[in-house]
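Heads up, the thing below is written out as structure tokens.
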Amino acid sequence: MSKEKGGRILYLSRLKALACIAVVVLHSFYAANAYAKTSAQHAVMLSVRNACMWAVPCFVMATGALLLDSRRELGYKKLFLKLILKMAAALVIFTFLFALFDAVFIAEKVTADIFTVTKDNILYGTGWRHMWYLYLMIALYLMMPLYKAVTAKNDKSLVIYACIVFFAFLSLRPMLETLAGRQTAFYICAYSIYPLFVFMGYMLHGRLVKLPLWVYLACAAIGLTGVVILTVKGIGNEDKTLDQLLGSYSFPLTVLMSAGIFGAFTFCKNERIPVIDTVSAELEKCSFGIYLLHMAVLKYIFAVMRINPFEKGGVITVIIIALVSLVISYAAVRLFKLIPFKLIFKGSKQE
């Protein structure tokens with residue numbers, strides 16, 4: 001397992017940094033797709049977007065790899081006062097800030113209704129679409145003590161069994177139902193695909209299933225190739241079945257691609273690469289803030305400035321927009337982290 005002296009796991013740091021970039025690219029190309037006119041433009045925008053769908057599953061797998069480790073303690077105090085509180089606070093604060101953004105830049109009118117809008121957006125998830133991730137993390141954290149009870153037994157067959165059952169019922173079953181247009185009577189008592197990613201991350205991180213590197217690379221290549229081919233095939237098709245499948249993290253090809261990428265990263269050698277690991281560490285530390293803020297940058301570019309990338313360079317412009325969004329979001333998070341909150345609060349207490 002690749003670790004630095006400070007306890008940072010090198011391959012997870014690199015993976016999360018790359019996933020952070022992939023999320024920004026995903027949303028940039030998906031937002032730009034609204035301006036696409038030709039089938040070729042739609043194909044490129046959606047192919048890149050769908051090819052980056054591995055990012056969130058890999059973030060969730062990294063969470064499983066870290067929190068389900070039997071050597072890591074996760075008491076209720078840490079669970080509620082650190083992990084869940086962080087997500088809940090971010091949900092409230094940023095839902096309000098995004099509502100304020102819409103009022104100032106879109107509606108161009110700020111009223112007292114913004115507090116009601118914020119409340120409804122928090123309760124019903126009607127705010128900015130990328131905020132769904134915060135609800136997901138709160139749900140996973142709440143379930144983590146139960147998940148850890150499974151891995152605490154150090155029974156690898158139990159973890160593998162859980163992954164197989166979750167894959168069958170939370171990935172294959174939804175795909176088959178979508179293709180058939182009918183629901184089956186069989187189900188498993190789990191709400192979404194994400195528990196699979198949690199246990200899969202723990203399984204791959206702990207090498208409970210020992211497979212050679214080429215198998216993971218093949219899984220990633222097959223998943224990526226299949227997703228791109230199906231994306232192109234679905235362009236201009238009135239039947240939206242393919243779009244529905246490709247837009248879901250439970251799609252088997254997306255699961256395969258995500259597992260392949262995560263598994264391949266576990267083979268990283270225990271050797272620090274100065275530039276790569278310095279950048280990775282920075283992006284990893286700021287990834288949560290970047291995730292929250294980059295959508296504001298993209299919305300300002302596409303919805304307020306109304307920049308049409310296909311009038312100003314096409315794909316290259318979208319790449320530049322993604323890079324600008326990443327840099328601005330990172331800079332904002334880094335500046336925020338420089339604020340000495342502890343000193344401020346300490347000073348206020350002394351007064």
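Quick caveat, the model's predicted, so the values are computed rather than measured.
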**Q.** Stepwise side-chain contact (heavy atoms from CB on, under 4.5 Å) test for T63 and L140
**A.** CA-CA 9 Å; T63 297; L140 288 179; 5.6 Å; no
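- Because its NZ or CZ atom is both nearer than 6.0 Å to the ring centre of Y30 and within 45° of the ring axis, R49 counts as a cation-pi partner of that residue.
- The two residues V24 and S325 come nearest to each other via the heavy atoms CG1-CB, 4.1 Å.
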Q: Determine, step by step, whether K240 and D243 satisfy the side-chain contact (heavy atoms from CB on, under 4.5 Å) criterion, reporting the C-alpha distance in whole Å, the side-chain angles of both residues, the deciding distance to 0.1 Å, and the verdict.
A: CA-CA 5 Å; K240 299 302 180 183; D243 292 342; 3.3 Å; yes
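- With rounding to the nearest 0.5 angstrom, the CD1 atom of I84 is 10.0 Å from the CE atom of M87.
- Tracing side-chain contacts under 4.5 Å through hydrophobic residues (I, L, V, M, F, W, Y), one never reaches I229 starting from V44; they form parts of separate clusters.
- The main-chain N or O of K148 is found under 3.5 Å from a side-chain atom of T151 such that the two form a donor-acceptor pair.
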(Q) Walk me through whether F199 and Y147 qualify under ring-ring contact (aromatic ring centres under 6.0 Å, His included). (A) CA-CA 8 Å; F199 282 104; Y147 296 157; 5.2 Å; yes
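- Shown here for A51 and V228, the closest heavy-atom pair between the two residues is CB-CG2, 4.5 Å.
- L158 CG: more than 12 foreign heavy atoms inside a 6.0 Å radius.
- Within 6.0 Å of CD on E177 lie more than 12 heavy atoms contributed by other residues, nucleotides or ligands.
- Enclosure of atom OH in Y300 is not indicated, since only 12 or fewer non-hydrogen atoms of other residues, nucleotides or ligands lie within 6.0 angstrom.
- For the atom pair OG1 (T231) and NZ (K233), the distance works out to 12.0 Å, reported to the nearest 0.5 Å.
- Between L74 and L83, the closest side-chain pair of non-hydrogen atoms falls below 4.5 Å.
- Counting only heavy atoms from C-beta outward, the side chains of F29 and V315 approach each other to under 4.5 Å.
- Closest of all the heavy-atom pairs between F101 and W128 is CD2-CZ2, 3.5 Å.
- Annotation: side chain of L67 is in contact with side chain of Y141 (closest heavy-atom distance under 4.5 Å).
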Q.
Working note: S171 + F166, criterion side-chain contact (heavy atoms from CB on, under 4.5 Å); need CA distance, chi angles, decisive distance, verdict.
A. CA-CA 7 Å; S171 181; F166 284 147; over 6 Å; no
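- With a 4.5 Å cut-off on side-chain heavy atoms, V60 and Y249 do not count as touching.
- Remark: the backbone N or O of A17 is not paired with any side-chain donor or acceptor of S280 at under 3.5 angstrom.
- Interatomic distance, L170 CG to F197 CZ, rounded to the nearest 0.5 Å: 9.5 Å.
- A heavy-atom distance below 4.5 Å is found between the side chains of I321 and F302.
- Clustering ILVMFWY residues whenever any of their side-chain heavy atoms sit less than 4.5 angstrom apart, transitively, puts M144 in the very cluster that holds L142.
- Under the 4.5 Å side-chain heavy-atom criterion for ILVMFWY residues, no single connected hydrophobic cluster contains both V104 and V117.
- Using a 4.5 Å heavy-atom threshold, the side chains of T184 and L176 count as separate.
- Under 4.0 Å is where a charged nitrogen must lie from a carboxylate oxygen, and between E284 and R14 no such pair does.
- Atoms OG and CD1, on S13 and I276 in that order, are 11.0 Å from each other to the nearest 0.5 Å.
- A side-chain donor from one of N121 and T126 sits under 3.5 Å from a side-chain acceptor of the other.
- A distance of 10.5 Å separates CG in L256 from CG in L224, rounded to the nearest 0.5 Å.
- For the 3.5 Å distance criterion, the side chains of Y330 and H294 fail to qualify, holding no donor opposite an acceptor.
- Side-chain contact between P145 and Y76 is present, with at least one heavy-atom pair separated by less than 4.5 Å.
- For the atom pair F262 CZ and M203 CE, the distance stands at 10.0 Å (nearest 0.5 Å).
- Aromatic ring pairs are classed by plane angle as parallel below 30°, tilted from 30° to 60° and perpendicular above 60°; the pair Y194 and W132 is tilted.
- Checking Q41 against Y35 by side-chain atom types alone, no donor-acceptor pair falls below 3.5 Å.
- Using a distance-only test at 3.5 Å, with no hydrogens or angles considered, no donor-acceptor pair links the side chain of H205 to the main chain of L66.
- Residues C286 and R334 approach most closely at SG-CD, 3.9 Å, considering heavy atoms.
- Annotation: cation-pi geometry satisfied between R207 and F267 (NZ/CZ under 6.0 angstrom from ring centroid, within 45° of ring axis).
- Between Y291 and F59, the distance separating the two ring centers is not shorter than 6.0 angstrom.
- Within a 6.0 Å radius of CD1 in I316, no more than 12 heavy atoms belonging to other residues, nucleotides or ligands are found.
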Q.
I'd like to know whether L204 forms a side-chain contact (heavy atoms from CB on, under 4.5 Å) with Y216, so could you lay out the CA-CA distance, the side-chain angles of the two residues, the decisive distance to 0.1 Å, and finally the verdict.
A. CA-CA 10 Å; L204 296 177; Y216 292 113; 3.5 Å; yes
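- Note: the hydrophobic cluster containing L85 does not contain F336 (ILVMFWY, side chain heavy atoms under 4.5 Å, direct or indirect links).
- The local environment of OH in Y135 is crowded, with over 12 non-hydrogen atoms from other residues, nucleotides or ligands closer than 6.0 Å.
- With F288 as the aromatic partner, K86 meets the cation-pi criteria of under 6.0 angstrom to the ring centre and within 45 degrees of the ring axis.
- When every heavy atom of V255 is checked against every heavy atom of S250, the shortest pair comes out as CG2-O, 3.9 Å.
- In terms of heavy-atom proximity, V297 sits nearest to I328 at CG2-CG2, 3.9 Å.
- Contact check for L179 versus L245: side-chain heavy atoms found under the 4.5 Å cut-off.
- Hydrophobic clustering keeps L10 apart from I273 (ILVMFWY residues linked when any side-chain heavy atoms are closer than 4.5 Å, directly or through intermediates).
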